[in-house]
Undergrad: 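Handing you this structure, nothing more for now.
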Amino acid sequence: MKHKGRKVYMVSGGVTKFAKSTPDMDFRLRVKKAFDYALNDVGLTLNDIDGSVASYFSDHFQRQLMSGIMVQDYLGLTPKPSKRVEGGGATGGLSFQTGYEEIASGRMDTCAVYGFESMSHVNTWKGNEFIALASDTNFDYPVGGFYTGYYAMMAVRHMHEFGTTVEQLAKVSIKNHENALNNPYAQSPMKLTVEDVRNSPMVAYPLTRLDVCAMSDGAAVAILASEEKAFEITKHPIEITGIGTGTDTMRLADRPFGKVPLLPNEKPSDYKDLKYPGIHSFRAGRSAAKEAYEAAGITDPLKELDAVELHDAYTSSEIQTYEDLGLCKYGEGGQFIEEGKSKLNGKVPVNFSGGLLACGHPVGATGIMQGVFMFWQLQKTIKKHFKSDKLQLNNPKRGLIHSHAGTGTYVTVSIMEVPK
Amino acid sequence: MTINPDAKMDESQNGTEVYSTDPLIVKSTYSIDYIHSYAQDSEFFRALGKKKLMGSRCKKCHYGFATPRSHCMMCGAETEWVELPTKGKIHSYTTCYFGSEVFLPQTPFNLVLVEFEGFDSLFMARLIGAEQDDMYVGMPIVARFKRLQSFSPTDVYFVPAKGSEKKPAGNVKKKKR
């Protein structure tokens, strides 16, 4: 697929601190705070926004349908165009890309993409039930009814196919929670050891409590613009040079056993005996990466990416995603974390922000949060927004953000770059 | 005339459960009975009562679905119902120690994805009669059916096949690195 639209830039962003529960603010006020932060950061007013995209996953959490229009209304954006986009855990990434399409198509010159989720209105196990309703309610929900269980089976198969170890999973948890120590927006920054992760309560073998992200209340806003507008608004806009979206079967049980769709830096002989994707890999993640890399002209992702923010709802997913994104070959994900290649000072820092594991995962906000953190990283304004430059990379030019829905049904990859 | 300036709305005696007054947090409850149709999947659920596990096979490309679907995801053609063997192997497994609220009382429970000879896709089920450490990829397992049907996919479950105990070593294929 060739993208032929106009160039699209991100010009500003805002995020609320993700927290287990923030009963003093509802979703409208949380989005308003993130939105005002983004507007004020570049001196925009409501009149400068042509339209918006509303990003939230579940109507169940609040028993409120049409939450999107309630935010549009609260922000004062009516009667401008807007729509809600939903695709499970990838809702944020899909919405970010819908914002991209609004600009690329020429329909809007500026677009506010706002995401939110209020997960604190029900207890954690009820929340898990609501989330599990995003699995097939004929065949999957009545049997398992628990996403951690589904991902655990994927992790077990990854361990079987490739020899990935629980210690390698734990290292992802350690890295992301530690990165978050310097991110004031993160919900659960922690210094951990392999023992801490393995000794925390088992949720579904092999995933412990510290292998799994938490539920959160939160909001995030990204403001996108056309080239002409972007450079009027800020001296340092960040270009979105490619987007990609992949899909896969709703049921894990239906995933085929075929061939790997190869990236430019791979050859068929790399995967002679590998049945793909099975349940060990996310074919949607690979498809999304392939499309985005083609659009952005990336042929060697490990060399050509300076930072990655990916959907680590589970430590195992982060390892699986290294492979989908071609940061290493299929089967080498465990080794990739083991060798520290995804650490802050590694070959390509992955989830410098702390990711979902440490920042939290207010579903509709998550994919947009990644966009905001990457935007600040590439703008080199981490110090301004985080009040510390510990997470600012030296001279990042190009980053990747990755959003993912339950068991890899929808996956988005977007490439962000400092304009040349 | 029906005009009544003294009209009063009925008062409720139900009361409201209040968790906090600032911010004001109250309890609200929601429950609903759905009239859920299994539609084109119906045969699968009916067959469980006859102790039959039904899959489907594409009439055109012959792809075999261990979880049935009425149209083929490979070529789009119609599929036909076919009976699955009752013996399969564990493709992957887990033990859930937590879960959704409705399943919490059942924890810990085992989930398995089952592979069947001659079928291209898998089937998800509960496995009983084994604990976390007993299960392994490739373990032979057998389908069993509940006597009292609840028209749920859990009307079928799996148990370890006789003699399927884990061998002391060599069950897990590990690549040297």
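Throughout, a chain's letter reflects where its sequence line sits, starting with A, and its residues are numbered from 1.
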Undergrad: Work out which heavy atom in A:Glu129 is nearest to a heavy atom in B:Val102; give both atom names and the distance.
TA: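 The pair with the smallest heavy-atom distance is OE1-N, 3.0 Å.
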Undergrad: Assess whether atom OH of A:Tyr410 is packed by more than 12 heavy atoms of other residues, nucleotides or ligands within 6.0 Å.
TA: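 Check fails, neighbour count at 12 or below.
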Undergrad: Which atoms of B:Tyr157 come close to chain A, meaning under 4.5 Å heavy atom to heavy atom: side chain ones, backbone ones, both, or neither?
TA: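 Contact with chain A involves no heavy atom of B:Tyr157 at all.
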Undergrad: For B:Lys87, look at atom NZ and say whether over 12 heavy atoms of other residues, nucleotides or ligands are found less than 6.0 Å away.
TA: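 No - once you tally the heavy atoms of other residues, nucleotides and ligands closer than 6.0 Å, there are 12 at most.
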Undergrad: Rounded to the nearest 0.5 Å, how far does NE2 of B:His91 lie from CE of A:Met153?
TA: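 It comes to 10.0 Å.
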Undergrad: For the NZ atom on A:Lys17, are there more than 12 heavy atoms of other groups (residues, nucleotides or ligands in this structure) within a distance under 6.0 Å?
TA: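 Counting neighbours around NZ of A:Lys17, more than 12 heavy atoms of other residues, nucleotides or ligands fall under 6.0 Å, so yes.
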Undergrad: Looking at chain A, which one of B:Leu111, B:Thr107, B:Asp22 has the largest number of heavy-atom pairs inside 4.5 Å, strictly under?
TA: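 Option with the top pair count is B:Leu111.
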Undergrad: Does anything in residues 49-62 of chain B get under 4.5 Å of chain A by heavy atoms, and if so which residues?
TA: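 Within residues 49-62 of chain B, no residue comes under 4.5 Å of chain A, counting heavy atoms only.
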Undergrad: What part of B:Val114 is in contact with chain A, defined as an atom under 4.5 angstrom from a non-hydrogen atom: side chain, backbone, both or neither?
TA: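 It is neither, since no heavy atom gets under 4.5 Å.
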Undergrad: Which value, rounded to the nearest 0.5 Å, describes the distance between A:His160 atom NE2 and B:Ile90 atom CD1?
TA: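 Rounded to the nearest 0.5 Å, the NE2-CD1 separation comes to 11.5 Å.
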Undergrad: Can you confirm whether B:Ile3 is buried at CD1, in the sense that more than 12 heavy atoms of other residues, nucleotides or ligands lie under 6.0 Å from that atom?
TA: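 No, because the 6.0 Å sphere around CD1 of B:Ile3 holds 12 heavy atoms or fewer from other groups.
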Undergrad: To the nearest 0.5 angstrom, please state how far the CG atom of A:Asp140 sits from the OG1 atom of B:Thr67.
TA: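 With rounding to 0.5 Å, CG (A:Asp140) is 7.5 Å from OG1 (B:Thr67).
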Undergrad: Heavy-atom cut-off 4.5 Å, strictly under: side chain, backbone, both or neither for B:His36 against chain A?
TA: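 The side chain, not the backbone.
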Undergrad: Indicate the atoms forming the closest heavy-atom contact of A:Asn138 with B:Pro153, along with that distance.
TA: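 It is O-CG, 3.1 Å.
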Undergrad: Can you confirm whether more than 12 heavy atoms, excluding those of B:Glu117, are under 6.0 Å from its CD atom?
TA: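 Result for CD/B:Glu117: open.
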Undergrad: Is the backbone N or O of A:Gly145 less than 3.5 Å from a side-chain atom of B:Ser100, with the two atoms forming a donor-acceptor pair by type?
TA: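 A pair under 3.5 Å: yes.
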Undergrad: For the OH atom of B:Tyr63 and the CG atom of A:Asp254, what is their distance to the nearest 0.5 Å?
TA: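 With rounding to 0.5 Å, OH (B:Tyr63) is 8.0 Å from CG (A:Asp254).
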Undergrad: Which bit of B:Ser152 is near chain A, if near means a heavy-atom gap under 4.5 Å: side chain, backbone, both or neither?
TA: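 The side chain, not the backbone.
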Undergrad: Taking side chain as everything from C-beta outward and backbone as N, CA, C, O, which of these in A:Arg63 sits under 4.5 Å from a heavy atom of chain B? Side chain, backbone, both or neither.
TA: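 The side chain, not the backbone.
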Undergrad: So which of B:Leu24, B:Ile25, B:Asp41 has the largest heavy-atom pair count under 4.5 angstrom toward chain A?
TA: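 Heavy-atom pair counts peak at B:Asp41.
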Undergrad: Would B:Met124 and A:Tyr150 count as a side chain to side chain contact (heavy atoms under 4.5 Å, CB included) here? Give the steps.
TA: CA-CA 10 Å; B:Met124 189 163 81; A:Tyr150 307 153; 3.5 Å; yes
Undergrad: Where does A:Tyr141 contact chain B at under 4.5 Å (heavy atoms): side chain, backbone, both or neither?
TA: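 For A:Tyr141, heavy atoms of backbone and side chain both lie under 4.5 Å from chain B.
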Undergrad: If only side-chain N and O atoms count, and only distance matters, is there a donor-acceptor pair under 3.5 Å linking A:Asn123 with B:Glu101?
TA: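 There is such a pair between these side chains.
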Undergrad: Using every non-hydrogen atom in the two residues, find where B:Cys96 and A:Phe146 come nearest and quote the distance to one decimal.
TA: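 Closest approach of B:Cys96 to A:Phe146, heavy atoms only: SG-CD2, 4.0 Å.
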Undergrad: Could you look at B:Leu113 and say if it's the side chain, the backbone, both or neither that has a heavy atom under 4.5 Å from chain A?
TA: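 Contact with chain A is through both the backbone and side chain of B:Leu113.
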Undergrad: Go through it in stages, so that I can follow the logic: the residues are A:Thr148 and B:Thr94, the test is side chain to side chain contact (heavy atoms under 4.5 Å, CB included), and I'd like the CA-CA distance, side-chain angles, deciding distance and then a yes or no.
TA: CA-CA 10 Å; A:Thr148 310; B:Thr94 187; over 6 Å; no
Undergrad: Side chain from CB out, backbone as N, CA, C, O: work out which of these in B:Met73 comes under 4.5 Å of a heavy atom of chain A, or both, or neither.
TA: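 For B:Met73, side-chain heavy atoms alone lie under 4.5 Å from chain A.
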Undergrad: Rounded to the nearest 0.5 Å, how far apart are CZ of B:Phe44 and CZ of A:Phe139?
TA: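 Output value for this atom pair is 5.0 Å.
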Undergrad: Kindly compute the distance separating OG (B:Ser121) from CG (A:Leu252), expressed to the nearest 0.5 Å.
TA: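 So the OG of B:Ser121 and the CG of A:Leu252 are separated by 11.5 Å.
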Undergrad: Measure B:Tyr38 against the heavy atoms of chain A and call it side chain, backbone, both or neither at under 4.5 Å.
TA: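 For B:Tyr38, the contact with chain A is made by backbone and side chain together.
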Undergrad: Could you tell me which portion of A:Thr124 (side chain, backbone, both or neither) has an atom closer than 4.5 angstrom to a non-hydrogen atom of chain B?
TA: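 Nothing of A:Thr124, per the 4.5 Å heavy-atom cut-off to chain B.
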Undergrad: Using non-hydrogen atoms only, which part of B:Pro108 is less than 4.5 Å away from chain A: side chain, backbone, both, or neither?
TA: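 Nothing of B:Pro108, per the 4.5 Å heavy-atom cut-off to chain A.
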Undergrad: Looking at A:Asn128, A:Ile279, A:Val203, which makes the most heavy-atom pairs under 4.5 Å with chain B?
TA: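 The residue among A:Asn128, A:Ile279, A:Val203 with the greatest pair count is A:Val203.
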Undergrad: B:Leu104 versus chain A, heavy atoms under 4.5 Å apart: side chain, backbone, both or neither?
TA: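 Side chain of B:Leu104 only, per the 4.5 Å heavy-atom cut-off to chain A.
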Undergrad: Which one, B:Pro23, B:Ser28, B:Ser92, leads in non-hydrogen pairs under 4.5 Å with chain A?
TA: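 Of B:Pro23, B:Ser28, B:Ser92, B:Ser92 has the most heavy-atom pairs under 4.5 Å with chain A.
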Undergrad: In sequence, state the C-alpha distance, the side-chain angles, and the governing distance for A:Val156 and B:Tyr93, and then conclude on side chain to side chain contact (heavy atoms under 4.5 Å, CB included).
TA: CA-CA 7 Å; A:Val156 164; B:Tyr93 64 91; 3.6 Å; yes
Undergrad: Let's go through B:Phe98 and A:Val212 carefully: what are the C-alpha distance in whole Å and the side-chain angles of both, what is the deciding distance for side chain to side chain contact (heavy atoms under 4.5 Å, CB included) to 0.1 Å, and is it a yes or a no?
TA: CA-CA 12 Å; B:Phe98 292 94; A:Val212 184; over 6 Å; no
Undergrad: Which one, B:Thr154, B:Val112, B:Thr95, B:Asp120, leads in non-hydrogen pairs under 4.5 Å with chain A?
TA: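 Option with the greatest count: B:Thr95.
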Undergrad: What are the two closest non-hydrogen atoms of A:Val143 and B:Arg126, and how far apart are they?
TA: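 It is O-NE, 2.6 Å.
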